[in-house]
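Below, chains carry the letters A, B, ... as their sequence lines are ordered, and counting in each starts from 1. Note: hydrogens, waters and symmetry copies are ignored here, and every other heavy atom, side chains too, is used. Note that the structure is predicted; figures quoted are calculated from it, not measured.
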There are 2 protein chains.
Amino acid sequence: MAYEYEYPRPALTVDCIIFGLDKDELKVMLIQRDLEPFEGRWALPGGFVRVDEELEAAALRELSEETGITEVFLEQLYTFGDLQRDPRERVVSVVYYALVNLEGHKIRASSDARNAAWFPITDMPPLAFDHDKIFDTALKRLKGKIRYQPIGFELLPEKFTLSQLQNVYELILEKRLDKRNFRRKILKMHILKELDEIQQDVAHRAARLYSFNEKKYRQMMNKGFSFEI
Amino acid sequence: MAYEYEYPRPALTVDCIIFGLDKDELKVMLIQRDLEPFEGRWALPGGFVRVDEELEAAALRELSEETGITEVFLEQLYTFGDLQRDPRERVVSVVYYALVNLEGHKIRASSDARNAAWFPITDMPPLAFDHDKIFDTALKRLKGKIRYQPIGFELLPEKFTLSQLQNVYELILEKRLDKRNFRRKILKMHILKELDEIQQDVAHRAARLYSFNEKKYRQMMNKGFSFEI
DNA sequence: CCAAAAGTGTTCTCCATACACCCATGC
DNA sequence: GCATGGGTGTATGGAGAACACTTTTGG
C-alpha cells in the first residue's frame with residue numbers, strides 16, 4: 001500500500017535519550033546500528049511515528065521495545081530537523097528524554113537482536129546522525145532542570161538515602177555540595193517523607209531512607225512554592 | 001507532481017507565536033482564518049515545512065510573510081502532535097515563539113489578504129485548533145525564561161529606560177516590583193550600557209536611556225555568571 | 001504651580017556558605 | 001579496633017525586601 005501527497009513530506013521520527021543512574025554513575029542507553037548509514041555506530045533508540053500514534057506514545061513504545069521499561073519519567077526535549085541530519089532523506093525527529101533507575105527496575109539491555117548498552121556520560125562513543133548534538137542538548141537541559149524541578153528523585157529507587165540524593169545532584173551539576181547544607185535545604189522543603197526504615201547490607205552505619213512526597217509537592221506548588229537547589 | 005511513500009506520514013508544520021510589546025501592553029499576533037476548518041476563527045500564523053527547508057527558516061519565513069519582520073528573537077517552544085489537533089488529517093506542528101517590539105520596527109499587520117491583528121494577552125479570543133493550549137504553553141515558558149535569561153530586552157527598542165524594562169518584567173511576571181530594588185539589581189549585573197542620551201517627548205522629567213550590552217553578557221556567561229531577576 | 005515620573009539609601013531579616021567532629025555498623 | 005560513611009550546629013557575610021521623599025520637566 002502506498003500513499004500519495006501533492007508535496008514531498010519530511011519523515012517524522014521520535015528518538016529517546018534515556019538517562020539511568022547505576023550506582024554512582026550516570027549513564028545513557030545506546031544501540032549499535034546494524035544497518036547503513038552509520039553501520040556499527042552507536043545511536044539513540046528511536047523510530048518512525050505512526051500516523052495514528054501520539055508523539056509521547058511513540059517515545060514510550062520505543063522505550064519499552066528497547067528496555068522493557070514502562071513506568072518512567074518522560075518529557076519532550078527538543079525537535080531536531082537539520083536538513084542533513086540523516087543522509088538518506090529529510091528526517092525531523094522529536095526527541096524525548098527519560099530518567100530511570102537501573103537498580104529498581106530490572107532493565108534488560110535489549111529486547112531484540114540489536115546490541116544495546118549503557119554508557120557513562122563521561123565516556124561516550126561517537127554517535128550516529130546528529131545524536132552527539134542531541135546528547136549535549138539533553139545534558140544541558142538536565143543540568144538546568146534539576147535545579148528547579150524535583151526530577152532528581154526519578155533517577156533513584158522509591159526509597160533512597162539523603163546521600164544518594166546528594167550524589168545525584170553532584171553527578172549532574174558536576175560539583176561537590178556541602179553535606180550539611182544540602183540536607184538542611186532539602187529537608188526544609190518538606191517534600192520528603194522520612195521512612196521508618198534504614199538502608200540494608202552496607203558495610204557501615206546504615207542510613208535512613210526517605211521517599212519523595214509527590215502529593216505534598218503538588219499541593220505546595222499550587223500554593224506558590226518553588227523548588228530550588 | 002505527487003510523492004509516494006510506503007507508510008502514511010503525518011504532515012509537518014511550523015506555527016509562530018509572536019509576542020509584541022505595545023506601550024504598556026503585551027500582545028500576540030493572530031490571523032483570522034478564511035477557510036474551513038475554523039473559518040473566521042483567530043489562529044497563530046503558520047504553515048507547512050518544505051522538505052528542503054530548515055525548521056527555523058520555515059518559522060522565519062512565516063513570520064516575515066505575516067509581519068514583515070526579519071530580525072527578531074526566535075526560539076523553539078515545543079512540538080504539538082495530538083492526534084485530533086487538526087480535524088482534516090494528522091498534523092504535527094513545531095512551534096516557535098518570537099519576541100518583537102512594536103514601536104521599534106514598523107510592523108505591518110499583514111502582508112497578504114488575510115486579516116491579522118494584535119491582541120492583548122489578557123483579552124484573547126478563542127483560538128482555532130489547539131492554539132489555546134499553545135498560547136498557554138508559550139506564556140508559561142515566557143514567565144519561566146524571563147527570570148533567568150535576558151530576553152526582556154528583546155521586547156524593547158534598542159534604547160530603553162529602566163522603567164520600561166521594569167514594566168516588561170511586571171507585565172510578564174504579573175506582579176509589581178520595587179523600583180529601587182529592581183534598579184539596584186539590574187545595574188549591579190553590569191550588562192547594561194548607560195547611554196549619554198535621555199528620553200524624548202515625555203511630559204515629565206526625561207529618563208536616562210540604556211542599551212543591553214550583549215557582548216559583555218556573553219563574556220560574563222563564559223565566566224560562570226548567571227542572570228537572574 | 002501642578003502633575004507625572006525619575007531618581008536615590010538605609011535598615012533589617014533571612015538565607016547561603018563555610019567549616020569539623022562524633023556516631024553507628026560491619027568486618 | 002579500624003574503616004566507612006551517617007549524622008549533626010554555629011558563626012558570618014551578603015542579598016533580598018521593605019520603605020518615602022526630593023528632583024526634574026512639560027504643560
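- If you measure from atom NZ of B/K185 to atom P of D/dG16, you get 5 Å, rounded to the nearest angstrom.
- Between A/E75 and A/K145, at least one side-chain nitrogen of the basic residue sits less than 4.0 Å from a carboxylate oxygen of the acidic one, meeting the salt-bridge criterion.
- Between B/E197 and B/K159 there is a salt bridge, since at least one side-chain N of the basic residue sits less than 4.0 Å from a carboxylate O of the acidic one.
- Classification of A/R85 and A/D132 as a salt-bridged pair fails, no side-chain N sitting under 4.0 Å from a carboxylate O.
- B/D178 places its CG atom 16 Å from the P atom of C/dT10, with the value rounded to the nearest Å.
- Within the structure, every side-chain polar atom (N or O) of A/S163 is placed at least 4.0 Å from both OP1 and OP2 of D/dG5.
- Residue-level contact check: B/R208 touches the backbone only, with heavy atoms under 4.0 Å from sugar-phosphate atoms and none from bases.
- When the P atom of D/dT25 is taken as reference, atom CD of B/Q200 falls 12 Å away, rounded to whole Å.
- In this structure, the ring of A/F227 has its center no less than 6.0 angstrom from the ring center of A/F225.
- Using a 4.0 Å heavy-atom cutoff across all strands shown, A/T161 reaches no nucleic acid atom at all.
- Taking only side-chain atoms of B/A203, from C-beta outward, the nucleotide of D/dG26, C/dG7, C/dC23 with the closest atom is D/dG26.
- In this structure, B/R183 places its CZ atom 5 Å from P of C/dG7, rounding to the nearest Å.
- To the nearest angstrom, P of D/dC19 lies 14 Å from CZ of B/R184.
- Atom CG of B/L187 is separated from atom P of D/dA15 by 15 Å (rounded to the nearest Å).
- Between A/H204 and B/N181, the residue whose closest nucleotide on DNA chain C is further toward the 5' end is B/N181.
- Atom CD1 in A/I198 sits roughly 14 Å away from atom C1' in C/dC23 (whole-Å rounding).
- One cannot find a donor-acceptor pair under 3.5 Å joining the base of C/dA6 and the side-chain atoms of B/R180.
- Ring pair B/Y210/B/F160: centre-to-centre distance not below 6.0 Å.
- In this structure, A/R147 atom CZ and C/dA16 atom C1' are separated by 13 Å, rounded to whole Å.
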